[in-house]
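Structure first, commentary second.
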There are 2 protein chains.
Amino acid sequence: MITFIFVTKRLLFDMRRDVFQAIADPVRRDIIGLLSNEPLTVNMVAENFEISRPAISKHLKILKECDIIDIDKQGREIYCIIKPEKLVPVFFWIEQYRKLWEEKIDSFEHYLNELQSKNK
Amino acid sequence: MITFIFVTKRLLFDMRRDVFQAIADPVRRDIIGLLSNEPLTVNMVAENFEISRPAISKHLKILKECDIIDIDKQGREIYCIIKPEKLVPVFFWIEQYRKLWEEKIDSFEHYLNELQSKNK
DNA sequence: TATTTGTGTAACCGAATGATTACATTTATA
DNA sequence: TATAAATGTAATCATTCGGTTACACAAATA
């Protein structure tokens, strides 16, 4: 019985649940955008999209599992509150490549400048 | 016949292919990390992972489709070259929430300082 | 108390993901 | 030229994703 529960849990929770997964979907990025202004109930979030409310519920569930949002139950309404600090790992991951792309963009601009001065 | 080709193309290319999708997978993030040091051949990339070479080939294909890497064919070897500037949209997306998380972290630090001074 | 409202979730579906093995193709080399 | 090496890809598989509709349930309200 214990084994059964364990296996079930493993199957149910073996999916990747990290912030990179959370922001991979455009709908979830939009939800994050909405919640960054103010906490919203599930229905208020859903109003901003064409897809069904249960679909939004599922996206919110994934955001919860990735710990990007907290919930605050007020009676029968559930407010979703963003935890912006959970995005920081993405910032650090991307930041480590900043030097790389700045070099590349700089060298491209340098190339353009060279080209322009030659054509004068 | 034309219809058939069209439908096939649509089915084959309807998947999300953007930089957020590219970095959603941990293996692909590691590949980006490797390639940020130097261009590597497919086999050289694959040596760094436990999974099969075809699996790596597929990840590289996705990175190509997301335009994160370029390829440089040298005889029978294919070098993968990173295009770090393609990560910039992620940087801008995440950067817009910086103020939000800094405020939150600041207020938490303020709270800790208050707590500490009261316990003196 | 009966009903409406806000929300979650189960069942289902088609497509994508991420892996495998087996095979094809091109290029270098013995 | 025969073989080895580097790579891509087809076929297959189990799982996840992202959506739907239908239903359940608790809380507010008429």
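Naming: A, B, ... by sequence-line order, numbering from 1 per chain. Fair warning: this is a prediction, and the values are worked out from it, not measured in the lab.
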Considering all heavy atoms of both residues, which atom of [X] and which atom of [Y] are nearest to each other, and what is their separation?
| X | Y | value |
| --- | --- | --- |
| Ala24(A) | Arg29(A) | O-NH1, 3.2 Å |
| Ile81(A) | Pro39(A) | CG1-CB, 3.9 Å |
| Leu35(B) | Ile82(B) | O-CG2, 3.6 Å |

[N] phosphate, OP1 or OP2: any side-chain N/O from [X] under 4.0 angstrom?
| X | N | result |
| --- | --- | --- |
| Ser57(A) | dG8(C) | yes |
| Lys64(A) | dG8(C) | yes |
| Lys61(B) | dA16(C) | no |
| Arg17(A) | dC17(D) | yes |
| Arg16(A) | dG18(C) | yes |
| His59(A) | dG19(D) | yes |

Short side-chain to backbone donor-acceptor contact, [X] and [Y], under 3.5 Å:
| X | Y | result |
| --- | --- | --- |
| Gln96(B) | Trp93(B) | yes |
| Arg16(B) | Asp25(A) | no |
| Arg28(A) | Ala22(A) | yes |

* **Residues that Lys58(A) engages under side chain to side chain donor-acceptor pair (under 3.5 Å), provided they are two or more places apart** => none

Nucleic acid contacts of [range], taken as heavy-atom distances under 4.0 Å to DNA chain D:
| range | value |
| --- | --- |
| residues 19-29 of chain B | none |
| residues 68-79 of chain A | Gly75(A), Arg76(A) |
| residues 36-50 of chain B | Thr41(B), Val42(B), Asn43(B) |

* **Closest to side chain of Ile51(B), choosing from dG19(D), dG8(C), dT20(C)** => dT20(C)

* To do: Supply the atom-to-atom distance Trp101(B) CH2 to Lys104(B) NZ, rounded to the nearest 0.5 angstrom.
  => 13.0 Å

* Calculate, to the nearest 0.5 Å, the distance between atoms CD1 and CG belonging to Ile94(B) and Leu87(B) respectively. => 12.5 Å

Give the rounded distance in Å between these two atoms: [atom1] of [X] and [atom2] of [N].
| X | N | atom1 | atom2 | value |
| --- | --- | --- | --- | --- |
| Ile56(B) | dG18(C) | CD1 | P | 12 Å |
| Met15(B) | dG14(C) | CE | C1' | 14 Å |
| Lys58(B) | dA11(D) | NZ | P | 12 Å |
| Leu60(B) | dT17(C) | CG | C1' | 16 Å |

* Hey, which of Thr41(A), Asn43(A), Val42(A) is the one that makes side chain to side chain contact (heavy atoms under 4.5 Å, CB included) with Glu77(A)? -> Thr41(A)

* Asked: What do the steps show when you test Val19(B) against Ile68(B) for side-chain contact (heavy atoms from CB on, under 4.5 Å), and what is the final call?
  -> CA-CA 7 Å; Val19(B) 61; Ile68(B) 305 294; 3.6 Å; yes

* Asked: Which residues satisfy the salt bridge (Lys or Arg N to Asp or Glu O under 4.0 Å) test with Lys83(B), sequence neighbours excluded?
  -> Asp67(B), Asp70(B)

* **Axis-to-axis angle between the two ends of the helix from dT1(C)-dA30(D) to dA30(C)-dT1(D) (five base pairs per end, rounded to 10 degrees)** => 0°

* Asked: Taking a hydrophobic cluster as the set of Ile, Leu, Val, Met, Phe, Trp and Tyr residues connected by side-chain heavy atoms closer than 4.5 Å, whether directly or through intermediates, do Ile51(B) and Val45(B) fall within one such cluster?
  -> yes

* Would Ile62(A) and Tyr79(A) show up in the same hydrophobic cluster when neighbours are defined by side-chain heavy atoms closer than 4.5 Å? -> no

